[in-house]
Trainee: 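First the structure, then my questions, so here it is.
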Amino acid sequence: MGSVSSGSAHKMGVVALTLVTASNMMGSGVFMLPTNLAGVGYISLWGWVLTIVGVIALALVFAKTSLITPRTGGIVAYASDAFGPFIGFQTTVCYWISAWVGNVALLVAGVGYLSYFFPELKNPMYSSIAAIVILWAFVVLASFGARTASRAQSFTASCMLLVVLGVGAVGWFWFDPQMFTEVYNGTGRSDSSAIISAASIALWGFLGVESAVVSTGQVDNPEKTVPKATVYGLLIASVCYVGSCSVIMGLVPHSELVNSAAPFADAARYMFGKTAGNIASALSIIACFGSISGWLILQSEGPRAGAQQGLFPQFFADTNKRDVPMKSLIFTGVLMSLVLMMTASPNLAKQFEVVILMSVFASLLPYMYALISLPIIMVSKKLNRGRSFMFYCVMVVIGMIYSIFALLGSGTDSMFWGVVMMMVTIPLFCFVAAGRSKKGERVLYLDKKV
């Protein structure tokens, strides 16, 4: 495998990759999370603490792995290196599903804000059609390459920061502590169960923390750029998330917030009136849809790595002159369109929650494999000496504990379909292995470095 062959003119630097990483996290979660966490209650603050600690561990491990063994495909490639082709295949399938299902949720959130201006979009059929049209517009944009997509996303990320930081900072002047503490635990379950549930929902907000790692093939000087962008992007997202979600719970009445399709717009309306709500909603729409371009790049890198290893069909690795795997994007675009139609719901917030829990479960298996890969890779490279090795082993343990708790909090339906997804990878891999065997090939890594 190794680096892709495109020139550096089409690749991203630290600033662009940091914005893509932060935007992938925040664009995918921040705009609807206040609604979903309001249903849990303000006990969700403990869920934030648990999530941030866990995600910091994930980010440090992923960044360290990318530093010692930079690979196209990132966490997917690491699992193959450490555990072999079957785990690599299973990880690639799960991560790929997580990425494009996550994009579906992003489209749902964007249409939710769009319905602030066009109430007809609350009709499930109209909202699905709108989301599908927008999806294919961004597939066309992604065809122009990573640099073009990152430039577009740099602008949309600025719109997102303006809304999120604006509400998160200025909103404290209107913050009502009594409104914030109105509902402590709204789940009807135990406090520990509510915290785990909040942590699982909050994890959705940080899906994309591995964006810089997975996008290594699209990055200029990845050895230095990827670790920096990972940490910087996480810090930006953490500050914005906790501040904005907390202030909105103290601005918008609980009964209204739990059913809101545009919580940031509603918060702005409570602060400055209807015009401010309109502006916030417009900026949110731009930001929400804007991060789709970054996620489209991200969702194509894992399957491309799998195809280069002979684990996925070759068309996933076929690229256009700008080094974009267009056949892969078109294929996943069709799948996303189908999911948008199948999950259509009159309650956009409920549709959003169902989709994000599907995506969270699908991402946790690759995360756990990638975590365990680091100590194995460090041992194989004879880096298992001193405090650094012990520190990262502790980070791996913290990340694993968090992942297990988030897995449990994703709900029984999500776990059921996740297990089904894992089981399906077994016969699929047998089919891949049998196909390669007929050609007289073995399922191996292309340039195994560990």
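Index from 1, following the sequence. The basis for the numbers below is simple: all heavy atoms, side chains too, and nothing from hydrogens, waters or symmetry mates.
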Trainee: About how many Å separate CG of L17 and OG1 of T225, when rounded to the nearest 0.5 Å?
Mentor: 7.0 Å

Trainee: May I have the step-by-step check of side-chain contact (heavy atoms from CB on, under 4.5 Å) for L251 and D176, ending in yes or no?
Mentor: CA-CA 6 Å; L251 267 174; D176 182 352; over 6 Å; no

Trainee: Quick one, Y402 and V53 - any side-chain contact, counting heavy atoms below 4.5 Å?
Mentor: no

Trainee: Restricting to non-hydrogen atoms, name the atom on A57 and the atom on I398 that form the minimum distance, rounded to 0.1 Å.
Mentor: CB-CG2, 3.9 Å

Trainee: Is any side-chain heavy atom of T18 closer than 4.5 Å to a side-chain heavy atom of I236?
Mentor: yes

Trainee: Check the angle between the aromatic planes of F180 and Y42 and answer parallel, tilted or perpendicular using the 30° and 60° thresholds.
Mentor: tilted

Trainee: Of all heavy-atom pairs between V247 and G168, which one has the smallest distance, and what is that distance?
Mentor: CG1-CA, 3.9 Å

Trainee: Once you round to the nearest 0.5 Å, how far does CD1 of I43 lie from OG of S197?
Mentor: 10.0 Å

Trainee: Between T35 (side chain only) and S260 (backbone N and O only), is there a donor and an acceptor less than 3.5 Å apart?
Mentor: yes

Trainee: Within the 4.5 Å heavy-atom criterion, are L45 and V49 side-chain neighbours or not?
Mentor: no

Trainee: Atom CD1 of I404 and atom CE of M400: how far apart are they, to the nearest 0.5 Å?
Mentor: 5.0 Å

Trainee: Run the numbers on D266 and R269 for side-chain contact (heavy atoms from CB on, under 4.5 Å), then give the verdict.
Mentor: CA-CA 5 Å; D266 288 336; R269 178 169 53 83; 3.1 Å; yes

Trainee: S98 side chain to C94 main-chain N or O, any donor-acceptor pair under 3.5 Å?
Mentor: no

Trainee: Report yes if some heavy atom in the side chain of M395 is under 4.5 Å from a heavy atom in the side chain of L374; otherwise report no.
Mentor: no

Trainee: Okay, side chain of S238, backbone of L234: is any donor-acceptor separation there less than 3.5 Å?
Mentor: yes

Trainee: Examine distances only and state if a side-chain atom of S281 and a backbone atom of G277 form a donor-acceptor pair shorter than 3.5 Å.
Mentor: no

Trainee: Rounded at 0.5 Å granularity, tell me how far CG in L257 sits from SG in C245.
Mentor: 9.5 Å

Trainee: Can you name the closest pair of heavy atoms from V61 and A370 and give their distance?
Mentor: CG1-O, 4.4 Å

Trainee: Tell me whether the count of non-hydrogen atoms from other residues, nucleotides or ligands lying under 6.0 Å of CD in Q314 goes above 12.
Mentor: yes

Trainee: Nearest 0.5 angstrom please: L364 CG to Y367 OH, how far?
Mentor: 8.0 Å

Trainee: Between S44 (side chain) and G47 (backbone), is there a donor-acceptor pair under 3.5 Å?
Mentor: no

Trainee: Flag yes if more than 12 heavy atoms outside Y126 fall under 6.0 Å of its OH atom; otherwise flag no.
Mentor: no

Trainee: Determine, stepwise, if the pair L365 / T91 fulfils side-chain contact (heavy atoms from CB on, under 4.5 Å).
Mentor: CA-CA 7 Å; L365 185 70; T91 302; 5.7 Å; no

Trainee: For P303 and W96, work out which heavy atoms get closest and say how close.
Mentor: CG-CD1, 3.1 Å

Trainee: How about Y369: does its OH atom have over 12 heavy atoms from other parts shown lying under 6.0 Å from it?
Mentor: yes

Trainee: Might you work through the side chain to side chain donor-acceptor pair (under 3.5 Å) test for W136 and S337, ending with a clear yes or no?
Mentor: CA-CA 9 Å; W136 287 101; S337 300; 3.2 Å; yes

Trainee: List the atom of S128, the atom of L340, and the distance in Å for their closest heavy-atom pair.
Mentor: OG-O, 3.3 Å

Trainee: Any donor-acceptor pair under 3.5 Å linking the side chain of T51 with the backbone of A199?
Mentor: yes

Trainee: Checking T187 against S193 for the side-chain contact (heavy atoms from CB on, under 4.5 Å) test, could you report, in this order, the C-alpha distance in whole Å, the side-chain angles of both residues, the deciding distance, and whether it holds?
Mentor: CA-CA 9 Å; T187 64; S193 177; 5.8 Å; no

Trainee: Taking C-beta and beyond as the side chain, do L58 and L371 meet within less than 4.5 Å on heavy atoms?
Mentor: yes

Trainee: Side-chain contact test, heavy atoms from C-beta onward, threshold under 4.5 Å: evaluate it for Y184 versus D191 and give yes or no.
Mentor: yes

Trainee: Could you check whether W174 and F272 have their ring centres less than 6.0 Å apart?
Mentor: yes

Trainee: Quick one: does any side-chain atom of T425 pair with a main-chain N or O of M422 as donor and acceptor, under 3.5 Å?
Mentor: yes

Trainee: Looking only at heavy atoms, what is the nearest atom pair of N185 and A194, with distance?
Mentor: OD1-CB, 3.5 Å

Trainee: Between the side chain of T332 and the main-chain N/O of L329, is any donor-acceptor distance below 3.5 Å?
Mentor: yes

Trainee: Got P325 and D318 here, is their nearest side-chain heavy-atom distance under 4.5 Å?
Mentor: no

Trainee: Report yes if some heavy atom in the side chain of P34 is under 4.5 Å from a heavy atom in the side chain of M249; otherwise report no.
Mentor: no

Trainee: Please check if any side-chain donor atom of S246 sits under 3.5 Å from a side-chain acceptor atom of W48, or the reverse.
Mentor: no

Trainee: Compute the centroid of each ring, for F331 and then for F316, and state whether the two points are separated by less than 6.0 Å.
Mentor: yes

Trainee: If I take atom CE from residue M179 and atom CD1 from residue I248, how far apart are they, to the nearest 0.5 angstrom?
Mentor: 12.5 Å

Trainee: Hey, does the side chain of H254 reach the backbone of V183 with a donor-acceptor pair shorter than 3.5 angstrom?
Mentor: no

